[in-house]
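What follows is one structure encoded as structure tokens, with my remarks underneath.
Letters A, B, ... are given to chains in the order of the sequence lines, protein chains preceding strands, and every chain is numbered from 1. Remember, it's a predicted structure, so these values are computed and weren't measured experimentally.
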2 protein chains.
Amino acid sequence: MMFSSDDHRYMARALELAALGQYSTKPNPCVGCVIVKKGDIVGEGWHEKAGEPHAEVHALKKAGVNASGATVYVTLEPCSHHGKTPPCAEALIEAGVNHVIIAMQDPNPLVAGMGMSKLREAGVTVSCGLLKNQAQALNKSFCHKMMTGKPYMTSKVAMSLDGRTAMASGESQWITGFKARQDVHRLRAQSDIVLTGVGTVLADNPKLTAREGLGGLSVTQPRIVILDSTLKTPLDAAVFKEGSEVTILTCSHDEPAVLALKKAGCGVVIVDANEKGQVDLHAVETWLAMQALNSVMIEAGALLNGAFMQMGMIDELIIYMAPSVLGTEARGAFSMPTVSTLSDRVQLKYVGMEQLDEDVKLTYDVKKED
Amino acid sequence: MMFSSDDHRYMARALELAALGQYSTKPNPCVGCVIVKKGDIVGEGWHEKAGEPHAEVHALKKAGVNASGATVYVTLEPCSHHGKTPPCAEALIEAGVNHVIIAMQDPNPLVAGMGMSKLREAGVTVSCGLLKNQAQALNKSFCHKMMTGKPYMTSKVAMSLDGRTAMASGESQWITGFKARQDVHRLRAQSDIVLTGVGTVLADNPKLTAREGLGGLSVTQPRIVILDSTLKTPLDAAVFKEGSEVTILTCSHDEPAVLALKKAGCGVVIVDANEKGQVDLHAVETWLAMQALNSVMIEAGALLNGAFMQMGMIDELIIYMAPSVLGTEARGAFSMPTVSTLSDRVQLKYVGMEQLDEDVKLTYDVKKED
């Protein structure tokens, strides 16, 4: 069907509302909803937190009796199943809405279209596809997880223009500037998990929380996952001090070390080891896929980043490139010992760039061989 | 004074004409000229080659008697001195033009304003400054040389997104794609000199000529300068086979080797050695400054690029960044052994970017400490 310019305007508003939940709804998608009656917005809402009411419920509550006969703009197909909250399709039907305009269908193939069917069966007019691309972009990781069963893996690298992430000594703070760091914090806030290696914990002792540039929006801090083959993470590491949920994936069976970490409030999961006696990344991938999460942000050193890159486990690479030269003696971003000829290189696809003060943010899709 | 929209249009045309000489006028500046009488363009011209007539002379010839009483748009202040050709200011006066509109004054402080004075003394109206920034950008290197006495030094690096220019084995063709390579050829065509090190000659045996992406414009090939401390450049190197003027800067006094190279048509200049017995880069800088040239493009490996960068001799860095990852085992772009802390890093300034198919071109100004 054709959508009017008013339709576009209301859906754009619904998307704007949806984005207000981008740091807090994890692992749920961001959803916004606008209810319009006779040219007036009578209700608005967005999903703020998993377990709390969905966008439609907030908007219906605001609209009250005005919902009857109204047109509803919602960025994602209303749910039809009983989850933590009752199904929104039923709530819309009960409220007596006349028309539901949806940006995108539910990306979960098991339930896609079911919310729309339920609405249509109850006599509600349903249209779908308005600003679909924008809606998909807003919930890129959620869509990816629903369609592939795996979380969307983003590797973030902050480096000099000659590809160096730290001096030979390990010194690395701060290569990039304030705006780039704010952007990193936004990426963290959008991610279900920030994943790092024990090497980074020992070298930089980062907090790995989202603290800056969040525009006053509600934030659910990402979980932190540390790959730590031999349980070297210190009990007084900064990651433990910010209230974050921390999980260590290890292949060590050192009971006292495990117990000490658990006592410190840290989850410890023992996974398979690879032939070098290190945490096997395939086992990590499997464990991640089993968690209720959509997105993993990798903030790691050259060894872990290189291993993930070589194994084709990274979906997206985001580079923050500072306008400085550190020289070949400094540390690189991806250690890939088995790449020895140009034909072995990992090929990516340029997506876009943004200038952040003096730094440049470059985004790449990692091409997958299917 | 205020310029009209017609003035802008004619000067834009003059700049367009000037740019036709961008690959051929070296070491002269690009200049374009448009002569307008009663709203009609009666003459156009541009400077094509050093030693040949200037833009004004071509345009006056086309205009013939129509030049009398006409308005002349010229992108650079007409010359007032007798060089290889007679002064253009005199030619304009003799032709009886009424008004000369100039984009930018001559950047040479010794002659700046003299052409305008000569015109004004003869009763010609003179205006200056129309599209000045565009005119300066077109002759960036020429302006730099006139104002500093040194050529504008551009380092070009083609690399993977993790800052690698070649595999550990030296394999480097082709990291970047076709459009990026065309752009490199355009950079060469705009440069007076392409400077490299003997290491690059031995490893890659490049031609270092401008052959692609030149849009059918007239091309004067750049001179090639090779820094070769111990005269290891092979007599059958590809640089000798394309008709390019090749000069080797060395600190070797090996007479037979010098003679053999000279016999092969190669210029050999002996310069001072540094404390390591290599060609001293300060001596190279001095030699370059004494040549009749404005721009030097450095296409070299990590050692030479790093040395130039550390010594603050590079004005501009142009990176062609391919969407690939080669890993830390591959070769880097700038060897800078004395940079060991972040505070020692070389700081640049981001200027702009361009997408060239799958590659990204990034341009940086190198900040100079004055």
Best-contacting candidate, [options], against chain B by heavy atom pairs under 4.5 angstrom:
options: A:Met353, A:Met309, A:Met159; value: A:Met353
options: A:Gly327, A:Ala166, A:Ala333; value: A:Gly327
options: A:Thr341, A:Val339, A:Ile319; value: A:Thr341
options: A:Pro323, A:Gly306, A:Gly163; value: A:Pro323

Identify which part of [X] has an atom lying under 4.5 Å from any heavy atom of chain A, answering side chain, backbone, both or neither.
X: B:Val360; result: side chain
X: B:Ser335; result: both
X: B:Ile175; result: both
X: B:Ala302; result: side chain
X: B:Gln173; result: backbone
X: B:Tyr350; result: both
X: B:Glu329; result: side chain
X: B:Leu161; result: both

Approximate separation, where rounding is to 0.5 Å, of A:Leu342 CG and B:Ser169 OG: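 Answer rounded to 0.5 Å: 7.5 Å.
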Could you measure the distance from the NZ atom of A:Lys349 to the OG atom of B:Ser324? Nearest 0.5 Å is fine.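 Those atoms lie 14.0 Å apart.
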Side chains of B:Leu362 and A:Met321 in contact at under 4.5 Å (non-hydrogen atoms):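 Contact flag for B:Leu362/A:Met321 side chains = yes.
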